[in-house]
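Here is the structure we will look at, set down as structure tokens.
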Amino acid sequence: MAVTGAVGAETPGVGAQDHGGTYSGGIWSWLTTVDHKRIGVMYGVSAFLFFLVGGIEALLIRLQLGTPENTLINPDLYNQLFTMHGTTMVFLAIMPLSAAFFNFIVPLQIGARDVAFPRLNAFSFWVFFLGALFMNSSFLFGGAPDAGWFGYANLTSTQYSPGMRVDFWVLGLLVLGVSSIAAALNFIVTIINLRCEGMHFMRMPLFTWMTLITSFLLVMAFPAITVGLVLLMFDRMFGTQFFNPLAGGDVLLWQHLFWIFGHPEVYILLLPGLGMVSEIIPVFSRKPLFGYAFVVYSGVLIAFLGFGVWAHHMFAVGLGPVANTVFAAATMLIAIPTGVKIFNWIATLWGGSLRLKTPLYFCLGFIAMFIIGGLSGVMHASAAADLQQTDTYFIVAHIHYVLFGGVMFALFAGMYYWIPKVTGRMLSDRLGKIHFWIMLVSFNLTFFPQHFLGLHGMPRRTFTYESGLGFEAMNLMSTVGALLLGSSMLIFIWNVLQMLRKGPPTGADPWGGSTLEWSIASPPPHYNFKVLPKVYGRDPLWAADTSDSRPGDDVEAPEPHMPGPSAFPLTTAIGIVVMAAGGLTTTLPVLFVGVAVVLFGVYGWAFQPLEH
Amino acid sequence: MAQSNEHVQHAHPSNGTYVLVAAVLGVLTAVEVAVFYLEAVRPVLVPLLLTLSAAKFTMVVGFFMHLRFDSKLYRALFVGPLVVAIAVMIAMLFINGVFRL
Amino acid sequence: MSQTDVATLEVHSATGLPSRKILMWAFIGSECMLFGSLIITYLVYRGKSIVGPYPEELLNIPFITVTTFVLLMSSLMMVLALSAVQRGDMKWGKVWLLMTAVFGMVFLGGQVYEFTHFVHEGLTLQTNLFGGSFFLLTGTHGAHVTVGVIWLLSLFFMGVRGRLTQASAETVEIAGLYWHFVDVVWIVLFTLIYLLS
Ligand SMILES: [Cu+2]
């Protein structure tokens, strides 16, 4: 993953399999690329770097909390760290890491040569990347955002948050929203329209299915937070009264808008991981997924119900017994389709001939951790229980069991599974398993005690605690666990570096996979499929009747023409971030320069032919 | 009705139909404004106006945007988010006790 | 020429439908949630302003009825433009495109007049919740109209330079979808903001 920037520059082509220069070419070729595979690699590398940044922020938090009345980190910096840890992990690490897989894998799985709008795809990446840099640059200009990752009004008002910190957060998230919506629209069209012949919806691989559902969630959920952020921006920059209680403003409106986005966002983070696990478990059990249709429909149902439960984040604000009851019931309802999926995975493993490779290890770890996270979730789905748990470490434990124990384990499973396809080389299975065991043990050491800390009343987002409250031992355990957890990442990075240096080349299909991406070389040639494949069933590579039509590379056919590179996506993205900088500093000239660059970029883009 | 038209992509209405639709839209707008000033319909003003507005909405989407004649896929892409948006809106109005429009 | 070469991406279609049109419909779906959230804001803040001016003192129904009518008719111009381009009648195609844009600009002019009038009457973004939510909601709509006008004018000038042909009917159709959607949003806003004040 953290590879490929170097691949282009120093080692021309990884191994012998770098067909048609998938990764070759200088820096300019990367800046102007519209190839979904390169864009996927760029998403992956940058998301992993931000994952490390967010991880370091978490480690600093844990170091501060390791002992009572610690003075390592002052309260002001502590606020910045927990805000940026949450924001970074959600928006700059997990979402773009999923996007990396959408980009690299989905077009291959549906037998397409690229996404439907390759330049829009490049645009999405650059907006994400520059927006992420923009948000993190706040550390250099007077401090990072410090009002929490869900930025509750009116803590975010100019009265309580003067300076530019919250403005960085508001504008950064607005910019990232542009990226997410553009990417999601692109994948909706890609999956609907670029499926190869014979790939009906009910034959699509589950990862592609979950990508489609996630994309719909994105386009429907992001507008709500966009509006909330715009209201906040108007309050801060133009002096409107939206969140000013003295003028009749309703601070709860922010919470509603945020969580109308925020709960679907949980599924935006989760569903791609569920899709990956649903791909990997069958391959390593050597049998098709149990209850394919159930997994698909439960995914759709989760997404749909996901829009009707947002107020479970607001039980403590006093919406009244009717609203609380309705939202509690709806929340508990969601546990059903989620449970269905877990049942399907276990039933797939049952009686399968298991091959205990690293990807399967991470899937099994995922199932176990996700069940724990789901159970604590059902606990605070009850409004009465939630009142005891809100704003304590119990919630912190829950969200990490879902997002780290769940999503990150699934994403690591996906990385171990698909990196050979990306680079054409194998990762060490031994190092992978060491990584897995250290990660699993240290993860539980870090977060399991936090359940008890929360139930004992330790509040979240408080920079220290007094000794003698009974918090010491479990906090220390948690801190030791976090340091171990961080070090397990070093093993992963080492594994990747070793693979790049001397990893054994992998063939087209190292795992005996069933989906189309395993039918072509690793790394795939830049056009993916010389002849567009045709499928006749759900697991095309396992079906006997397709043995003759493996759409490999050796077919006699002319090389397909692919869209040419374009600098306009990057230009437009730069314009958008310049606009954000203009808004941040309220300097109109900068804003206008940004607008001009965007207009230039859009017009150049619209009139540039797809192929040069 | 959409099924039978699915293969005939350009079975769009004629210009005459468009003008007729526009005329109806104009009339409906006039009716909306008229009932706004009519004391007699005060008690049913809100449902009446919402119905008229929904009728105009449906006509523009159905005829001018061709949703009546086009592929069902487009309809799904539009109606799905629209239903979610309306549902969220209604829930928000309930929560905030704004049901007095 | 280059069009056919790139056929691999552009023309391949599992559904037989053009990708760009699917994109526009999916985008419109997303816009439903955007305007939905703005409308939520407006409705939640109805009657919550603690200082005037209040909506019933300012909103000028006859005036806004006229601009509403103009915007509705611009939608008619738009479908006529599309049907002309689809027939290959580029002369009328250009005429109707320009007319659509002009009607759009008349609507925008009306909005500018309305906004200035409100400001003169003492309603600004900062005055009260009505001011903030009204200007934000109608302003966002106005921004969408502005983008639409720029888009339509771009198509018109492409037509003048002879770069808009019968083959580009799909491009016009997609611009039209956007334009009608903006019109549809106004149908809702006209009722919710003005008639239900
Ligand atoms: Cu939630």
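Naming convention: chains lettered A, B, ... in sequence-line order (proteins, then strands); numbering from 1 in each chain. These numbers come from a predicted model, not from an experiment.
Among Thr68(C), Ile39(C), Ile61(C), Thr15(C), the residue making the largest number of heavy-atom pairs under 4.5 Å with chain B is Ile61(C). Ranked by heavy-atom pairs under 4.5 Å with chain B, the list Ile187(C), Leu82(C), Val188(C), Asp183(C) is led by Ile187(C). Contact count versus chain B (heavy atoms, under 4.5 Å) is highest, among Ser37(C), Cys32(C), Ala84(C), Gly36(C), for Cys32(C). For the options Glu31(C), Met24(C), Met33(C), Met78(C), heavy-atom pairs under 4.5 Å to chain B are most numerous at Met33(C).
Contact check for Lys21(C) versus Leu77(B): no side-chain heavy atoms found under the 4.5 Å cut-off.
The CD1 atom of Ile40(C) sits 7.0 Å away from the CG atom of Leu93(B) when rounded to the nearest 0.5 Å. Note that CZ of Phe57(B) is 7.0 Å distant from CZ of Phe181(C), once rounded to the nearest 0.5 Å. One distance of note links CZ of Phe78(B) with CH2 of Trp25(C); it measures 5.5 Å at 0.5 Å rounding. For the atom pair CG of Leu43(C) and CG of Asn96(B), the computed distance is 10.0 Å after rounding to the nearest 0.5 Å. If you take CG on Leu196(C) and CG on Leu45(B), they are separated by 6.5 Å, rounding to the nearest 0.5 Å. To the nearest 0.5 Å, the span separating CZ on Phe190(C) from NZ on Lys56(B) amounts to 6.0 Å.
Heavy atoms from other residues, nucleotides or ligands lying under 6.0 Å from CZ of Phe115(C) number more than 12.
Looking at Ser75(C), both its backbone and its side chain come within 4.5 Å of chain B, counting heavy atoms on both sides. When heavy atoms are compared at a cutoff of 4.5 Å, Leu34(C) does not approach chain B at all. Proximity to chain C (any heavy atom under 4.5 Å) is shown, for Phe64(B), by both the backbone and the side chain.
Here the closest heavy-atom approach between residue Pro81(B) and residue Gly29(C) is recorded as CB-O, 3.3 Å.
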Q: Please lay out, stage by stage, how Leu17(C) and Asp70(B) fare under the test side chain to side chain contact (heavy atoms under 4.5 Å, CB included).
A: CA-CA 10 Å; Leu17(C) 306 169; Asp70(B) 244 341; 5.9 Å; no
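Residue pairs meeting the side chain to side chain donor-acceptor pair (under 3.5 Å) criterion with at least one member in residues 106-130 of chain C, sequence neighbours excluded, are Glu114(C)-Tyr194(C), Thr124(C)-Gln126(C), Thr124(C)-Thr127(C).
Below 4.5 Å, heavy atoms of chain C meet heavy atoms from Leu25(B), Gly26(B), Thr29(B), Glu32(B), Val33(B), all part of residues 23-33 of chain B.
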